[in-house]
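This report concerns only the one structure given below.
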Amino acid sequence: MKKKILCILLLIFAVKVGASTGRSIYNFDFDWLFSRYGLQADGTRLEEPVAAESILFDDRNWKQLDLPHDWAIEGPFRPDLEGFTGKLPWRGIGWYRKHFKVEKKDEGKRLYLDFDGAMAHAEVWLNGKKVGGHPYGYTSFRVDLTPAVVYGGENVVAVRLNTEDMGSRWYPGAGIYRHVRLVKTSQVHVDHWGVFVTTPQISDKEAKAVISVKLRNHLPDPVKGHYAVSVYELDAEDRVGAEVAKCKSLSLNLPADGTLEDSVTVTVSEPRRWSLEQTNRYLARVVVFDGKKQVDTYEVPFGFRTIRFTHDNGFLLNGKRVQIQGTCNHHDLGALGTAVNKVALERQLKILKSFGCNALRTSHNIPAPELLDLADKMGFLVMDEAFDCWKKGKQPGDYGSLFEEWHEKDLEALVCRDRNHPSVILWSTGNEVSEQYTPELGIARYLTDVVHRFDKTRPVTFGASYPSKSAMNGTELQVDVHGMNYAAGVYGGPHFYGEFLNKEGHEHLSGFSSESSSTMSSRGEYFPRKFHVSSYDLNEPGWGGLPDQEFAALDRYPAICGEFVWTGFDYLGETETDSRQENTKV
């Protein structure tokens, strides 16, 4: 009953907002129906029914649930399954259906579904008509429901996910494991992720904010209109405060069934900078008019701060050196699985912060939006990572099978979704990729250029698995900042950072440890018994390095920006294969 009341309140709030702004956003997590086909949890197989996407399909016996949902975390653990994906039965085919009504008065609006992530190979239908989907389970994506909507009656959305032939080096989960929203807009509106705020000039006296806007017109005729921008203070609870800047309305001529991009610069007096200690944020509000009619309002938080990676003095935040004391973090939540849980994420970040952690690497995939929201508010730096591989995969059916067709779309989604977060300081295009040994292919440079199409304000990096080779062969020159895994350990050595910094041609290049340590320990064992090792992190695997080795190397070479320890929290999987060593073979 509490869930039903909450859902009703959310709907009422959304309708009230929509009545005045032209845009309504509804929580779409509740009252889904689910059924699993293909491979089952017990190892048997259940064939898919015919036309499960149809509005007439009988789903009365399907399981009722709310999102986010990970269909595999309930198990059971099975000894015959792969250890590197947690011995959990995540492979299968999952169908989700939801019945909902669209009022007759909404006719003429655009209706979208925004998925924060669905694992994996998502296909989406509305009333039996295919409306979209996305194969990479970590990418947020939107589908346009408008062509298939029934106004004034019942609608059925159906989602098919398939993980049977997907490859992963860790437990990826399965299902619609992140949030979903229903968005209603006018035919003229700000496009998806269509506002980007940059802060090119910041001083104690004043700061410039450049607000770039992408507008979309779905009407068959051109539209003459205008838009206005205002900036407000924003507190830690997302409450909007005082207006601190605004601009006069700017006229626009939107082409028929097309888009238009524009930008405006506003000045904020005595700006409050975002930092690790003072996580000050602002809100940019864009209001769009068709003639004199207000048709859309779009809001996005941002922060004033400067970042710089230097060759001689490490990483600078607001002009001051900050040592990166980071951890690598997988997206699962241990026993809770991969279904995103903001309270559980916040708990992890509080624990990490209590240990002195100030940075997060999203290993090795696009994170949940909630993680970045928390990083903004709690004071963490973020290395926002896209892929675990490029063209050459590491497991059958992993991202290598999607790279050719999807890498540009996935990088665009990552950057455009996350580029307003002040916590994000690095875009990472990959981890321990095989192409690091063939710099002549230029893939690292090409991906760097792809990212810079959508954001030129942050540097691009990737995590190199064999720094003594790939940090010295020219690949390192194809990124803005070079990330090195275990450079103070087996893949470099105690003085490797010095070799890297002093190499001819590296005079401009900055570097950091994108992975460090990766030690083995038995929890609570300080005087180890048989079959145990010390909990003091005195033992390392073949690919790793001891924490003291990394600490000594960073003290010896303070120009290196810092480190991301492997890992912040234990995660499910990647235990049965020595895939890291396999991927470092040249």
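Applying the salt bridge (Lys or Arg N to Asp or Glu O under 4.0 Å) test to residues at least two apart or on different chains, none of the pairs has a partner in residues 433-446. Each side chain to side chain donor-acceptor pair (under 3.5 Å) pair with one or both residues in residues 330-353, not counting sequence neighbours, appears once here: D70-T338.
Side-chain contact of H99 with D31: a donor-acceptor pair under 3.5 Å is absent, judged by distance alone. Side-chain polar atoms of N431 and E385 form no donor-acceptor pair below 3.5 angstrom. A side-chain N or O of Y486 and one of E515 form a donor-acceptor pair less than 3.5 Å apart. A donor-acceptor contact under 3.5 angstrom links the side chains of H495 and Y557, judged on distance only. For the residue pair Q436 / S470, a side-chain donor-acceptor distance below 3.5 Å is found, with atom types taken as modelled. Under 3.5 Å, the side chains of H69 and Y96 contain a donor-acceptor pair of N or O atoms. In the model, Y37 has no side-chain atom that pairs as donor or acceptor with a side-chain atom of E164 under 3.5 Å.
Atoms CG and CG, on N539 and L546 in that order, are 8.0 Å from each other to the nearest 0.5 Å. From L345, atom CG reaches atom CG of L371 across 6.0 Å, with rounding to the nearest 0.5 Å. To the nearest 0.5 Å, atoms CG (L414) and CZ (F454) are separated by 10.5 Å. The CD1 atom of I93 lies 8.0 Å from the CH2 atom of W71; values are rounded to the nearest 0.5 Å.
Counting only distance, with no hydrogens or angles, the side chain of R361 and the backbone of E563 share no donor-acceptor pair below 3.5 Å. Under a 3.5 Å cut-off, the side chain of K469 and the backbone N or O of S465 do not form any donor-acceptor pair. Side-chain N or O atoms of R169 include none that pairs as donor or acceptor with a backbone N or O of G573 at under 3.5 Å. E499 contributes no side-chain N or O that, together with a main-chain N or O of Y497, makes up a donor-acceptor pair within less than 3.5 Å. The closest donor-acceptor contact from the side chain of N358 to the backbone of Q323 lies under 3.5 Å. Put simply, the side chain of R556 gets close to the backbone of P494: a donor and an acceptor are under 3.5 Å apart. When atom types are taken as modelled, the side chain of T461 and the backbone of S428 share no donor-acceptor pair closer than 3.5 angstrom.
Taking the six-membered ring for Trp, Y526 and Y536 have ring centres closer than 6.0 Å.
Under the side-chain contact (heavy atoms from CB on, under 4.5 Å) criterion, L372 pairs with P367, V382, D384, R417, D418, H421, V424, not counting sequence neighbours. Qualifying side-chain contact (heavy atoms from CB on, under 4.5 Å) partners for F527, counting only residues two or more places apart in sequence or in other chains: none. Remark: A471 pairs with P467, H482, M484, F496, F500 by the side-chain contact (heavy atoms from CB on, under 4.5 Å) rule, at least two apart or across chains.
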Inset, instruction - Please report the C-alpha distance between H179 and D116 in whole Å, then the side-chain angles of each, then the deciding distance to 0.1 Å, and finally whether the side chain to side chain donor-acceptor pair (under 3.5 Å) criterion is met. - result: CA-CA 6 Å; H179 294 291; D116 286 343; 5.8 Å; no
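Across every non-hydrogen atom of W193 and C416, the tightest pair is CB-O, 3.6 Å.
Screening W566, W390, F564 for a ring pair (Phe, Tyr, Trp, His ring centres under 6.0 Å) involving H364 leaves a single residue, W566.
Checked for salt-bridge contact, R419 and D455 miss the test: no charged N lies under 4.0 Å from a carboxylate O.
Between I366 and Y136, the closest side-chain pair of non-hydrogen atoms falls below 4.5 Å. Here the side chains of L182 and L145 are in contact, with some heavy-atom distance below 4.5 Å.
More than 12 heavy-atom neighbours from other residues, nucleotides or ligands sit within 6.0 angstrom of CG on D58.
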For residues 117-125, please give each side-chain donor-acceptor pair under 3.5 Å, one per line with the distance, not counting sequence neighbours.
unit_1: E123; atom_1: OE1; unit_2: K130; atom_2: NZ; d: 3.2
unit_1: E123; atom_1: OE2; unit_2: R160; atom_2: NH1; d: 3.4

